[in-house]
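Numbering of residues begins at 1 and proceeds along the displayed sequence.
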Amino acid sequence: MSLLFRRASLASLGLAFGLSALCLSPLMAQETAPAAPADAAAPAAAPVDPNAVVATVNGQPLTEADLVLAEGELSQQFAQLPPEQRRAAALSAAIEIRVMAAKAVTDGLDKDPDFQRRMAFLQQRALHGEMVEKGVVDKVTDAEVRARYDQEIANTPPANEVHARHILVKTKEEAEAIIKQLDGGGDFQKLANEHTSDPSGKSNGGDLGWFGPGQMVPEFDKAAFALDVGKYTEQPVQTQFGWHVIKLEDKRAKQPPAFDEVKDQAKQAVIRDKYFALVKSLRADAKVEIPDAKLKQAVDTMEAGK
């Protein structure tokens, strides 16, 4: 999901923290518990009470829910740690955040106008993320995702894909000599193994497998798709890689991807459409004034392109 749909992280709130828990010695970072036997059944995790207190900081409770939030928001910082150390690192970081935040309040930093503006913006950003999560993402149904897939398949023009072989050489003269041998009954696969400079084609007769339109460089693509099955190019085909002799082995209708292969992309498309529809509705009801005419025009142009 794009950054637009991600909640603001604690790091982005401008809180400075040392995260000294990450400054573990190399030896400590490498110590891991012995691996369980492959056939050992993992014990079921006991349910955790989110309100359970894991620490108190200056008399204020720090709960399991707070710890889960810290682990999630700081997951990138903890990525290099073994799993069994991440909980302790998250707790250490959460404690650091609490004590540093308390010190910032004592020093009056929470009253700084720039900080207050940043906090107001980040609160709005967090609420934006919550609205996207609860008002858009959570409301997408399986039926909508399937319908979007079916719509994309229906709107995709039918296309062929081809199975081709090629012989790649450095000069036009070499390619012409190969075509002359083919005209005389030469075996394409044997000639490919003997002459092609494509390393992947020296042992398989220049076989490129199946490919669709646009997967090869334009000159090669055009020549391959123009051939009839069983035919080879009567003239050498030049590309940035050299000179090709191409043979078309087979041609078939390109099959669309299965739903399970692209359902995540289909869901993202549904989310995107719902998001922009919601924004458009809310913007239509909002009174927005931009005094700078040039800036207003730029914003209107950008909005029109969404």
Side-chain angles (χ1 to χ4, degrees), residues 1-12 42 45 50 65 68-69 71-79 83 86 121-164 200 207-218 220-222 224-225 248-286 288 298-306:
M1 187 174 293
S2 71
L3 290 177
L4 184 63
F5 297 141
R6 291 179 57 189
R7 300 170 189 242
S9 66
L10 289 179
S12 71
V68 169
L69 180 62
E71 286 187 82
E73 297 287 357
L74 303 173
S75 59
Q76 290 186 344
Q77 288 91 328
F78 300 148
R86 291 174 191 166
F121 172 77
L122 290 169
Q123 181 186 36
Q124 292 166 1
R125 182 181 172 191
L127 287 170
H128 166 275
E130 197 72 11
M131 187 63 202
V132 170
E133 197 73 23
K134 300 295 194 300
V136 178
V137 177
D138 290 351
K139 293 186 176 181
V140 172
T141 67
D142 291 341
E144 288 176 316
V145 176
R146 181 70 201 208
R148 182 54 183 261
Y149 167 81
D150 291 339
Q151 175 190 334
E152 291 293 337
I153 296 301
N155 291 341
T156 301
N160 286 328
E161 58 183 356
V162 297
H163 177 198
S200 63
D207 194 359
L208 294 169
W210 290 93
F211 56 90
Q215 290 183 248
M216 300 295 182
V217 292
F220 191 103
D221 190 86
K222 181 179 179 180
F225 278 87
L248 187 66
E249 293 287 347
D250 204 355
K251 185 181 293 186
R252 68 186 180 190
K254 187 175 182 180
Q255 297 300 308
F259 174 68
D260 286 342
E261 295 176 6
V262 294
K263 64 181 179 181
D264 289 341
Q265 294 97 306
K267 183 175 182 179
Q268 292 304 314
V270 174
I271 290 171
R272 184 185 64 242
D273 290 349
K274 283 181 172 288
Y275 172 80
F276 284 120
L278 177 59
V279 170
K280 185 176 181 179
S281 172
L282 295 175
R283 286 289 296 266
D285 293 337
V288 179
V299 171
D300 289 345
T301 300
M302 184 178 295
E303 293 294 327
K306 291 182 179 179

Checklist line | Rounded distance [0.5 Å steps], NZ in Lys139 versus CD1 in Ile271 | finding: 13.5 Å
Next item on the list: List the steps and the verdict of side-chain contact (heavy atoms from CB on, under 4.5 Å) for Asp273 and Arg148.
Entry: CA-CA 11 Å; Asp273 290 349; Arg148 182 54 183 261; 2.3 Å; yes
Next item on the list: Mind listing the closest non-hydrogen atom pair of Lys251 and Phe225 along with its distance?
Entry: NZ-O, 3.7 Å
Next item on the list: Only counting residues at least two apart or in another chain, list the ones meeting salt bridge (charged side-chain N to carboxylate O under 4.0 Å, His left out) with Asp300.
Entry: Lys296
Next item on the list: Enumerate the residue pairs fulfilling side chain to side chain donor-acceptor pair (under 3.5 Å) with a member in residues 258-267, sequence neighbours excluded, ordered by first and then second residue.
Entry: none
Next item on the list: Keeping to residues at least two apart or across chains, list the ring-ring contact (aromatic ring centres under 6.0 Å, His included) pairs with something in residues 144-164.
Entry: Tyr149-Phe259, His163-Trp210
Item checked: Contacts of Arg86 that satisfy salt bridge (charged side-chain N to carboxylate O under 4.0 Å, His left out) - sequence neighbours left out -> none
Checklist line | Thr156 side-chain N/O to Glu152 backbone N/O, donor-acceptor pair under 3.5 Å | finding: yes
Next item on the list: Taking the side chain as every heavy atom from C-beta outward, state whether Glu133 and Asp138 have any atom pair closer than 4.5 Å.
Entry: yes
Item checked: Qualifying salt bridge (charged side-chain N to carboxylate O under 4.0 Å, His left out) pairs with a residue from residues 274-285, counting only residues at least two apart or across chains -> Glu144-Lys274, Arg283-Glu303
Next item on the list: Sequence neighbours left out, what passes salt bridge (charged side-chain N to carboxylate O under 4.0 Å, His left out) with Asp150? Give chain and number order.
Entry: Arg146
Item checked: Partner of Met131 by side-chain contact (heavy atoms from CB on, under 4.5 Å), out of Val137, Val136, Leu278 -> Leu278
Next item on the list: Indicate yes or no for a side-chain donor-acceptor contact from Asp221 to the backbone of Pro213 under 3.5 Å, with no hydrogens or angles considered.
Entry: no
Margin query: Minimum heavy-atom separation for Pro257 and Ile153, please, with both atom names.
Written below: CD-CD1, 4.4 Å
